[in-house]
Amino acid sequence: MIVAEQKPLEEIKSLIADAEKVLVVGCGTCVTVCFAGGEKEAGILASSLRMSTKLDGAPKEVTQVTVQRQCEWEYIDAIKDQINDVDIVVSLGCGIGVQAIAERYPKAVVVPGLNTSFLGLPTEQGVWEERCVACGECILGLTGGICPIARCAKQLLNGPCGGSQNGVCEINPDTPCAWQLIYDKLASQNRLHLIMDIQPPKNWSTSRDGGPRKITREDLRLAAEASE
Amino acid sequence: MSEASSNGYKSGSRLERVLRAGHFAVTGELGPPQGAEANVIREKAKLLKGLVDAVNITDNQTAIVRMSSIGAGTLLVQEGLEPIIQMTCRDRNRLAIQSDLLGAYALGMRNLLCLTGDHQSFGNHPTAKNVHDIDSIQLVKMVVDMRDKACFQCGDEIKETPPRFFVGAAANPFGDPFEFRPYRLAKKVKAGADFIQTQLIYNVERFAKFMEKVRELGLHQQVYILAGVGPVKSPGMARYMRDQVAGLDVPDEIVDRMTRATDGIDESDKKGRRDAWRNEGIQITIDLIQQIREIEGVVGVHIMAIEWEEAIRPIVEGAGLLPRPEPA
């Protein structure tokens with residue numbers, strides 16, 4: 001899932017400083033699961049903004065609404081009236097949600113309430129870890145299901161650097177060395193041969209380096225046309 | 001066929017010729033200044049001249065901005081020393097690396113050490129974006145192909161004067177997973193590395209075990225292996241390296257020797273203690289070189305005395321490695 005964290009209240013307040021009427025929009029998908037921008041967090045943020053701006057002597061009118069998914073037109077179309085009724089929208093969606101609202105409502109001023117952090121999973125209660133950088137060319141089949149692009153600080157493809165010690169990365173003792181994990185996994189499966197060959201330079205054109213990415217599925221487009 | 005290849009050498013560098021002639025090689029290391037003063041390099045060059053066969057020039061080591069390796073290397077060439085340009089994958093993508101190496105070769109550089117690079121979080125620009133377009137093994141392959149196949153990484157032909165470097169790579173016998181280290185070295189050899197310089201060695205026993213595996217894989221017959229050594233200046237530095245630096249293995253014995261060096265010297269005699277520590281640091285390095293030399297497959301030493309270049313002479317002299325050979 002997409003993992004995010006809420007911005008500090010002061011930063012959000014500075015983003016909405018010029019507005020009178022504010023709408024906080026929560027999202028019911030990834031950011032709900034990671035407790036950053038769901039219905040509950042939208043409610044808390046709206047009430048914090050109300051109280052805080054009142055204490056500052058310039059109370060703002062802050063309302064909130066949560067949609068199932070901010071990244072699909074049909075869900076954000078449903079809150080058209082609320083959006084058109086305010087000066088500013090604070091999206092508690094990920095970066096995709098913020099941009100979807102901004103794109104769908106060209107006149108609306110939309111600001112982010114979250115910092116979108118990474119693609120990852122909760123490894124235990126209250127802990128999320130990055131697992132994927134969406135590089136567009138998955139190599140997990142060669143690395144025992146452990147991604148060195150997302151999990152090695154140097155994105156190495158041919159084994160650990162000299163800073164791997166006692167299973168942890170040189171940059172932080174809380175970060176496991178991805179290549180130690182890969183080595184242990186493949187060793188336990190008698191598949192170490194997978195990392196003995198030299199991996200050639202990666203084709204980064206499928207990653208963000210190739211520019212903004214887009215997928216077009218002609219089969220689905222044809223099916224949609226046929227049903228119209 | 002170019003001159004370099006017609007005489008059978010890959011680059012014709014002094015380091016290559018020393019190793020090919022079967023001499024026990026000695027390389028040193030020079031850290032460029034955090035400023036643009038050319039004389040810093042010239043002064044350091046004087047401390048190294050005649051003592052080593054070639055000098056590594058670090059590439060923004062520990063991710064701290066310094067004069068570029070190639071810029072400093074040019075000054076070293078002018079001083080009559082042979083540089084080993086260090087090139088990391090942290091700051092440059094494949095375009096920048098190849099372009100810089102064309103320039104380095106044109107400026108007279110002939111040796112190259114391919115490295116991953118310390119993470120930028122250790123340095124003075126921790127908020128920087130890192131590159132890591134290619135890794136050190138892919139870098140070795142790329143520069144070997146530039147030399148031997150006269151092609152860029154993309155496959156395009158280098159039509160005029162392909163750069164012909166003597167290509168090195170690093171090995172850390174003390175990194176983990178320990179069992180994988182010889183195989184990672186094997187990948188570097190397979191990529192075409194001509195020489196290897198190892199991480200600092202203080203634990204000779206553990207290094208010998210690593211070399212045993214290296215010989216078992218036959219790697220010592222395919223690549224020149226130079227063992228990394230370096231003097232410590234004080235017991236504090238030895239302890240710091242033992243406890244804090246990832247990828248180093250400093251046995252207690254080294255720390256103890258440094259601590260005992262000031263036995264009988266009064267605490268108030270600051271200079272006496274400092275000199276005693278430094279002498280012991282140098283003596284430990286000489287002892288390490290003598291032990292390491294005995295290990296089959298080690299054909300040279302790489303002495304890292306960054307910001308203490310004065311230590312190189314007593315070490316090289318003490319280890320009986322002078323005068324340096326003048327290969328044909």
Side-chain angles (χ1 to χ4, degrees), chain A residues 133 135 139 142-144 146-188 190-210, chain B residues 62-63 88-90 93-94 97 115-123 126 130-142 145 153-154 169-192 197-200 217 228 244-249:
Chain A
V133 297
C135 74
I139 56 162
L142 299 172
T143 56
I146 294 149
C147 181
I149 308 293
R151 301 180 67 181
C152 165
K154 301 174 184 174
Q155 306 198 317
L156 302 182
L157 288 174
N158 281 293
C161 74
S164 171
Q165 202 149 50
N166 302 321
V168 299
C169 174
E170 67 177 16
I171 67 161
N172 184 345
D174 293 334
T175 304
C177 169
W179 276 100
Q180 177 79 56
L181 298 176
I182 293 167
Y183 180 85
D184 291 345
K185 178 62 149 322
L186 293 177
S188 75
N190 286 320
R191 296 201 303 153
L192 281 173
H193 64 275
L194 288 174
I195 54 170
M196 295 303 175
D197 288 333
I198 296 174
Q199 281 303 311
K202 185 170 170 66
N203 171 9
W204 294 106
S205 72
T206 59
S207 187
R208 193 216 51 86
D209 305 87
Chain B
T62 61
T88 73
C89 299
R90 177 193 59 227
N93 69 7
R94 62 191 86 174
I97 292 175
L115 301 167
T116 304
D118 296 318
H119 195 265
Q120 73 277 7
S121 59
F122 293 109
N130 60 21
V131 181
H132 298 297
D133 172 27
I134 56 176
D135 64 28
S136 59
I137 291 175
Q138 294 160 349
L139 172 57
V140 168
K141 174 94 169 48
M142 183 170 84
D145 285 352
Q153 191 275 328
C154 61
N172 184 359
F174 309 106
D176 284 324
F178 182 69
E179 313 75 46
F180 185 64
R181 291 292 157 181
Y183 292 102
R184 180 153 159 92
L185 176 58
K187 286 177 91 165
K188 294 188 174 184
V189 172
K190 200 168 160 187
Q197 290 173 318
T198 76
Q199 171 64 289
L200 286 166
L217 296 172
Q244 304 291 331
V245 182
L248 271 189
D249 182 338

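Hydrogens, waters and symmetry mates play no part in the numbers below; they use all other heavy atoms, side chains included. What you are looking at is a predicted structure, and each value in this text was computed from that prediction instead of being measured. Throughout, protein chains are lettered first and strands after them, A, B, ... in sequence-line order, and every chain is numbered starting at 1.
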Measure the [atom1]-[atom2] distance between [X] and [Y] for me, rounded to the nearest 0.5 Å.
X        : Y        : atom1 : atom2 : value
A:Asn158 : B:Ser136 : CG    : OG    : 8.0 Å
A:Tyr183 : B:Phe178 : OH    : CZ    : 10.5 Å
B:Ser121 : A:Glu170 : OG    : CD    : 7.0 Å
A:Leu157 : B:His132 : CG    : NE2   : 11.5 Å
B:His119 : A:Ile171 : NE2   : CD1   : 4.5 Å
A:Ser164 : B:Asn172 : OG    : CG    : 9.5 Å

Leading residue by heavy atom contact count with chain B [cutoff under 4.5 Å; candidates A:Gly163, A:Cys177, A:Pro201]
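With the most close heavy-atom pairs to chain B, the winner is A:Pro201.
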
A:Asp209 versus chain B, the contacting section by heavy-atom distance below 4.5 Å:
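Neither part; nothing is under 4.5 Å.
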
By a 4.5 Å heavy-atom criterion (distance strictly below it), what part of A:Leu192 contacts chain B: side chain, backbone, both, or neither?
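Neither the backbone nor the side chain of A:Leu192 comes within 4.5 Å of chain B.
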
Can you tell if the side chain of [X] reaches within under 4.5 Å of the side chain of [Y], non-hydrogen atoms only?
X        : Y        : value
A:Met196 : B:Phe180 : yes
B:Gln138 : A:Pro200 : no
A:Trp179 : B:Asp176 : no
B:Arg94  : A:Trp204 : yes
B:Ile134 : A:Lys202 : no

Greatest number of heavy atom pairs closer than 4.5 Å to chain A - which of B:Val131, B:Asp118, B:Leu115, B:Val245:
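Of the options given, most contacts go to B:Asp118.
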
With chain A as the partner, which of B:Arg90, B:Arg184, B:Lys141, B:Gln120 has the greatest number of non-hydrogen pairs under 4.5 Å?
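Ranked by contacts with chain A, first place is B:Arg184.
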
Between A:Gln165 and B:Gly247 (side chain of the first, backbone of the second, donor and acceptor by atom type, cut-off under 3.5 Å), is there such a pair?
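Present.
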
Taking B:Asp135's backbone N and O only, do any of them form a donor-acceptor pair with A:Lys154's side chain (distance below 3.5 Å, no angle check)?
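Flag not set: sc A:Lys154 to bb B:Asp135 has no pair under 3.5 Å.
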
Under a 4.5 Å heavy-atom cut-off, does chain A meet the side chain of B:Leu248, its backbone, both or neither?
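Backbone only.
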
N-O pairing of B:Lys187 and A:Asp197 below 4.0 Å:
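Looking at B:Lys187 and A:Asp197, the cut-off is not met.
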
